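Just below is one structure, and these are the notes that go with it.
What you see is a predicted model; the values in this text were computed from it and never measured.
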Amino acid sequence: MPIAAEPAAGADPSSSAVPEYPAWRKGVAGVLAKTRKVDAAELGAEPEKLLNQSTYDGLDIAPLYTRRDELAEQPLPGTYPFVRGGDGTRDVHRGWFVNIRIAATDAATANRELTAGLENGASAVEIGLGAHGVPVGDLAAALDGLLFELAPLALRAGTETAEAAAAVYQVVDRYPAPDRAAIRISLGAAPLTAAFAGTEALGLAETAALAAAAGRRPETVRAITVDGTVFHDAGASDAQELGAAVAAGLEYLRVLSGEMPVAEALRQVEFRFAATDDQFATIAKFRAARRLWARVAHALGAPSEGAAPQHAVTSAAMMSRRDPWVNLLRTTLAAFGAGVGGADAVTVLPFDSALPAGELRVSASFSERMARNTQLLLLEESHLGHVHDPGAGSWYVEQYTADLAAAAWGFMQELEAAGGYRAALDSGLLGDRIGATRTRRESDIAHRRTAVTGVNEFPNLAEAPLSEAALTAGPGQRYGAAFETLRDRSDTYLAAHGTRPQALLVPLGTVAEHNVRVTFIANLLASGGIESVNPGPLADGEIAAAAQESGAKIAVLCGTDARYGTDAAGAVEQLRGAGVETVLLAGPEKAVAGIEQARRPDGFLAARIDAVTALTALLEKVGA
């Protein structure tokens with residue numbers, strides 16, 4: 001590929017690389033100047049940067065990517081640094097492995113689930129053993145009929161991983177297969193990430209011994225899973241999830257160094273990462289993860305062993321208990337991103353996984369089928385698996401991948417500078433850094449800068465209240481959980497009083513004047529479980545009567561700022577005279593700056609308030 005000449009000093013690089021760019025930039029400046037009511041010259045030389053969005057890792061996402069953002073082309077899939085995929089000869093008719101999780105506690109049920117899954121499109125199996133599922137001694141019965149050379153097997157056994165490994169070895173030793181290396185088994189030992197999550201796991205010394213034994217097997221066995229999803233579920237950003245996972249992987253390699261050569265140690269490690277409904281972030285995450293681990297392998301002198309398998313699991317943190325059918329859309333985007341990003345296997349969590357079994361009156365088999373078919377539609381009808389790394393060459397995807405990899409490497413180096421993964425975990429550094437990101441995200445959701453559909457935006461107050469079992473919060477940090485807690489309080493109030501907490505909307509002026517704010521307030525109140533009572537446009541003398549008829553303790557004025565200047569004070573007086581205890585205004589306080597304090601509303605509901613705090617206070621006012 002020819003290398004373009006450097007632009008002359010002082011020249012705009014966008015002019016030579018993309019001749020149309022200056023015109024587009026001028027158009028952006030014109031629109032921004034109009035909306036901000038300023039002169040275009042005041043926006044600077046690069047006004048388009050005002051449209052940039054920033055991730056929790058501080059990465060800038062530009063509004064437009066062009067040839068001026070082009071990076072060097074990455075090598076083909078299957079070659080170092082494996083950004084485009086670790087397997088250059090993957091069967092394009094199969095694509096990634098469609099993984100199913102089996103958590104049944106008896107062998108017969110587990111085998112039925114395994115058989116049904118494989119017969120209906122699944123191509124990989126993860127089975128829980130011991131405290132996580134089937135008794136280890138019954139593993140052979142649970143796996144009866146599994147074609148090991150076709151469907152990779154992963155174990156989830158916690159402290160019983162060594163016993164589970166011995167049991168699966170007994171099964172495969174009796175299994176006839178001409179190509180033993182075609183049998184792929186993941187033992188799932190994850191002591192370092194389990195320590196972060198606070199769950200019990202096999203010890204490090206036992207894990208090292210397990211890996212040494214696995215390396216001597218004729219099958220393709222990987223003993224160690226670096227489970228990045230525990231960081232994600234605790235609130236980590238993408239770079240923090242990747243950086244912490246790489247740091248944990250390095251720690252494993254140090255432990256294994258006394259047991260085997262580095263190349264063999266690298267062959268004992270695989271990764272699990274969360275896939276979210278931010279499809280481009282997910283695509284970049286899996287591509288960046290391969291780049292990072294390849295860099296580790298290269299630094300250790302074994303670059304060809306840097307293509308560790310990747311298992312994607314759709315994010316548990318993004319799953320909502322309210323309006324859970326939206327989770328079908330979330331998991332579809334997540335599976336799409338993971339597949340396009342090159343994950344070797346993908347697990348889609350059932351859309352009702354944040355709720356107790358049977359909460360939605362649908363069977364477990366229905367939920368599992370929907371999860372499985374989400375991937376099958378992408379593979380069999382959209383043919384996403386037919387192309388290796390379809391995002392390659394996209395200026396946006398390539399830049400995002402490079403930036404995310406750099407940020408994640410920086411976080412890994414921070415953990416290494418603190419003494420390595422275990423030292424950073426023990427000192428609290430790792431938890432503190434992830435906790436800070438979680439706090440920022442929770443603030444964004446509380447202020448509704450980040451939308452969680454069906455939870456803090458477009459909630460459905462008509463959906464059936466949750467059962468007592470569903471009100472118990474599960475593990476991890478689900479997005480929007482604070483809003484769901486408010487909805488729980490509303491359900492409790494409904495059960496006790498026969499109605500939900502209510503607020504009266506007081507539209508001022510014509511429909512054109514108040515409709516936008518009426519819609520905004522109804523949506524805001526519903527996200528906290530408060531039902532809006534909207535009597536429609538009210539004439540000046542009808543406000544008190546509407547308030548008395550509703551019996552609401554809370555009222556919200558809705559109109560334009562100009563209308564507030566003429567009508568708000570009188571409306572406040574009428575509402576207070578009718579017994580309304582709290583009068584609020586939809587909009588900022590400056591809208592009534594000219595009104596004397598005694599005739600002003602008691603509070604203001606603007607676009608970027610802390611909605612959780614405001615709604616909590618309103619629920620308390622009505623006794624919910």
Side-chain angles (χ1 to χ4, degrees), residues 31-38 50-56 61 63 278 320 322-323 326 439-461 479-487 490 501 503-534 554-568 571-572 582-595 600-619 621:
V31 172
L32 289 177
K34 184 177 181 180
T35 26
R36 299 184 179 211
K37 299 178 181 179
V38 298
L50 296 172
L51 299 176
N52 284 3
Q53 296 182 2
S54 183
T55 72
Y56 289 108
I61 305 300
D278 187 336
S320 66
R322 298 291 176 168
D323 212 350
V326 179
T439 299
R440 289 171 55 202
R441 182 183 287 107
E442 288 173 347
S443 175
D444 285 342
I445 293 172
H447 288 81
R448 303 204 307 168
R449 290 187 289 265
T450 297
V452 182
T453 303
V455 180
N456 71 348
E457 290 284 4
F458 311 111
N460 176 18
L461 271 187
Y479 306 154
F483 283 93
E484 292 184 333
T485 298
L486 298 178
R487 296 282 296 278
S490 174
L504 173 69
L505 303 189
V506 183
L508 301 178
T510 64
V511 172
E513 288 179 285
H514 62 65
N515 186 58
V516 170
R517 278 177 166 156
V518 163
T519 303
F520 162 71
I521 291 298
N523 188 36
L524 171 65
L525 294 176
S527 68
I530 301 173
E531 183 180 3
S532 298
V533 178
N534 185 358
I554 301 168
V556 186
L557 305 180
C558 301
T560 61
D561 287 2
R563 179 64 66 174
Y564 291 152
T566 59
D567 293 8
V572 169
T582 303
V583 180
L584 305 172
L585 181 137
E589 186 173 5
K590 66 181 182 180
V592 291
I595 299 176
R600 288 188 187 182
D602 302 302
F604 304 89
L605 301 177
R608 289 294 178 252
I609 60 168
D610 184 335
V612 171
T613 299
L615 293 168
T616 299
L618 293 180
L619 287 175
K621 287 180 182 296

Legend entry - Which residues share a side-chain contact (heavy atoms from CB on, under 4.5 Å) with S320, sequence neighbours left out: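 If we apply the side-chain contact (heavy atoms from CB on, under 4.5 Å) test to S320, skipping adjacent residues, the hits are N327, R330, V455, E484.
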Taking the side chain as every heavy atom from C-beta outward, state whether [X] and [Y] have any atom pair closer than 4.5 Å.
| X | Y | value |
| --- | --- | --- |
| N523 | P459 | yes |
| L619 | L486 | yes |
| L508 | C558 | no |
| F458 | D323 | no |
| R36 | L50 | yes |
| L505 | L525 | yes |
| F604 | V592 | yes |

Grab the two heavy atoms, one from [X] and one from [Y], that are nearest each other, plus how far apart they are.
| X | Y | value |
| --- | --- | --- |
| G528 | S490 | O-CB, 4.4 Å |
| K621 | T582 | CD-OG1, 3.3 Å |
| L524 | A611 | CD1-CB, 3.7 Å |
| T616 | V612 | OG1-O, 2.6 Å |
| I61 | T55 | CG1-CG2, 3.9 Å |
| L51 | P63 | CB-CG, 3.8 Å |

Kindly compute the distance separating [atom1] ([X]) from [atom2] ([Y]), expressed to the nearest 0.5 Å.
| X | Y | atom1 | atom2 | answer |
| --- | --- | --- | --- | --- |
| N534 | T519 | CG | OG1 | 9.0 Å |
| L585 | I521 | CG | CD1 | 8.5 Å |
| R563 | D561 | CZ | CG | 12.5 Å |
| T453 | R322 | OG1 | CZ | 16.0 Å |
| N460 | S527 | CG | OG | 13.0 Å |

Are the side chain of [X] and the backbone of [Y] linked by a donor-acceptor contact shorter than 3.5 Å?
| X | Y | answer |
| --- | --- | --- |
| R517 | A586 | yes |
| R600 | A593 | yes |
| Y564 | L557 | yes |
| S443 | T439 | no |
| R608 | R448 | yes |
| D602 | V583 | yes |
| N515 | V511 | no |
| N456 | T450 | yes |

